[in-house]
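All remarks here apply to the structure that follows.
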Amino acid sequence: MKRYTPYIKKYWYCFLLGPLFMVIEACGEFVLPYINANIINIGAANGDIGYILRNGLLMLVLAGVMMGAGVLGANFAIRGACRLAAEVRRDIFEQIQTFSFSNIDHFTTGSLITRITNDITQIQNFVQTLLRGMFRSPVMLIGALAMSFALNRDLAKVFVIVMPVLAAAIAAIILVASPRYTRMQKQLDLLNIDVRETITNERVIKSFVREDHEIQKFGAVNNELMEKSISALKMMQLMMPVSALAINITTLAVVWLAGKQVMVGGMEVGTLTAFITYLTQVLMALNFLAAIILQGTRAAASHRRICEVLDTAADLNDDHVTCRDRTVNSGSVEFRNVTFRYFRENREAVLEDINLTIAPGELVGIIGSTGSGKTTLVSLIPRLYDADKGQVLVDGTDVRELPLYHLRESVAMVLQKNTLFSGTIGENLRWGDENATDAQIREAAAIAQADGFVMSFPDGYDTELGQGGVNLSGGQKQRLCIARALLKKPRILILDDSTSAVDTATDASIRRAFREKLPGVTKIIIAQRINSVMDADKIVVLDHGRIVGCGSHQELMEGCQAYREIYWSQKDEQEEEAV
């Protein structure tokens, strides 16, 4: 529980009062049988109605106190467990927000979702059970044992035989169950990954009529989780039968031994009744403690997975920052002998020996075949990844020496995947600037050639978007994402193939607006179509992670074979389409 000490301190009253009230309830558990035994042995045996009524009333009051204590104890236990879980969930979510792409790739998205939901729920359930039974069960166990020895020392020796046997059986169950819980949680990760992928890509699945395939794939993963769950939980199911067997055998032994004493007058009936009650309490308390331990083994598996996330240091941080207030002003970019691999063990680099200088306010186009490293190259500018070798400089300063917040505030990046969120169009655009006025929103949308189609909607910028913007076309989503980036007022604007879904006329209008409205902003455009970058100040041609050409359109047509091949192949395609 050391990891959770700060949360326990914050809600100390729940972690103090919960167990305290449960202990009060437990004390009543072993006092009631003693009073009941006296009622039988003294009141009933002597026909003393007054004694029976007085002690009966005492039992009633005691039962009321126990009920109140039990309710309060459960209430504080639930509050403490839920608040602890909420705090841990918040911290793990905040930790995930600091992760780089490589950190997230290491865990996988599905696994992170499982950890922040199911694993924390396991911790919550365990803490709640712990608060309700951590002290209650030991108090009941010790109290019932003490009362049993006080009533009949010889008969109580039965516990000395039964308890070690039951404890050994429970320990064996826990040892077998613990690793099975870990395997079950890992399989739950795989199920979440499969479900997330399927639901996210439902449109693609339907367009390829692959529903049956996905159902079969999910069925296999689901069945595997079922098997691992059964394997783990069936061990837990052994707890009750083993405990019931121990209770029944011990009860038979006590009744057989005590029966003789009752027959010869060595024990009263009330004492035998109380002893059997204490016997049940002892074994049930032991069983409850075992259940806590067993639930703890499952929580321990979840705890390890939570700690893996909380203890993972984000590999992109501000450790090398010398001035926390340093900001980006001009927007110049330079790559010096940059080499990058996504995985250290890869022999081939994604980018190799990249040298490139981009002046402030320049419009730079990047073109190349699929997999040539275009997206990777621009991802190094806002430090979504760090270069393995060489330096990436912004404003003449290594990006590792710039505060991440200020660096990323100065860079707006429109990714290949157009991500919009549920809410209105205006709310989505205000991700770029939450304080943007309606006029500023319309101005940014106009530059992105989005204002026209937005105003054609009955509700304009108050139009509600479905999840991911499903009620918009691909080109409309791209233009809204560009407008959102413009509202950020960046010093460096990166468009990663972000006009691929718009027609060539709209594409040209966007680039013309960039030149007219954003003269001081450094603009980097990744494109598949040469028409989208022909008028750039500089065009960079990438091939297999290397720069094979850099210059204007005319210079590249004269001196770069790779660029000429791309140009003529696209021109031939356009001519064929025209025919």
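Side chain of N103 to backbone of S100: a donor-acceptor contact under 3.5 angstrom is found. When atom types are taken as modelled, the side chain of T129 and the backbone of N125 share a donor-acceptor pair closer than 3.5 angstrom. A donor-acceptor pair is defined here as one N or O able to donate and one able to accept, closer than 3.5 Å; no such pair exists between the side chain of R132 and the backbone of A74. Under the 3.5 Å distance criterion, the side-chain polar atoms of S498 are matched with a main-chain donor or acceptor of V414. The backbone N or O of A436 lies less than 3.5 Å from a partner atom in the side chain of R430, making a donor-acceptor pair. Between the side chain of R89 and the backbone N or O of I116 there is at least one donor-acceptor pair closer than 3.5 Å. Of the possible polar contacts, one joining the N428 side chain to the F421 backbone as a donor-acceptor pair under 3.5 Å is found. Without hydrogens or angle criteria, R491 side chain to S410 main chain gives no donor-acceptor distance under 3.5 Å. The backbone N or O of Q391 lies less than 3.5 Å from no partner atom in the side chain of D398, so there is not a single donor-acceptor pair. With hydrogens and angles ignored, the 3.5 Å screen pairs a side-chain donor or acceptor of E427 with a backbone N or O of T424.
Applying the ring pair (Phe, Tyr, Trp, His ring centres under 6.0 Å) criterion to F340, with sequence neighbours excluded, gives Y342, Y385. Taking E25 as the reference, R136 meet the side-chain hydrogen bond (donor to acceptor under 3.5 Å, both in side chains) condition, with sequence neighbours excluded.
No more than 12 heavy atoms of other residues, nucleotides or ligands shown are found within 6.0 angstrom of CZ on F135. For R79, the CZ atom is loosely surrounded, since the number of other residues' heavy atoms within 6.0 Å does not exceed 12. Atom CZ of F93 is surrounded by 12 or fewer heavy atoms from other residues, nucleotides or ligands within 6.0 Å. More than 12 heavy atoms of other residues, nucleotides or ligands lie within 6.0 Å of CE in M226, so this atom counts as buried by the packing criterion. E94 CD: more than 12 foreign heavy atoms inside a 6.0 Å radius. The number of heavy-atom neighbours closer than 6.0 Å to NZ of K186, taken from other residues, nucleotides and ligands shown, is 12 or below.
By the 30° and 60° cut-offs, the orientation of the rings of F76 relative to Y13 is perpendicular. Using the six-membered ring where Trp is involved, Y4 and Y7 have ring planes that are tilted, between 30° and 60° apart.
Salt bridge status for D194 with K217: present, with a side-chain N to carboxylate O gap under 4.0 Å. Ion pairing between a basic and an acidic side chain is recognised when a charged N comes within 4.0 Å of a carboxylate O; R305 and E308 show no such pairing. The pair R3-D311 counts as a salt bridge, with a side-chain nitrogen and a carboxylate oxygen less than 4.0 angstrom apart.
With values rounded to the nearest 0.5 angstrom, F107 atom CZ is found 14.0 Å from I113 atom CD1.
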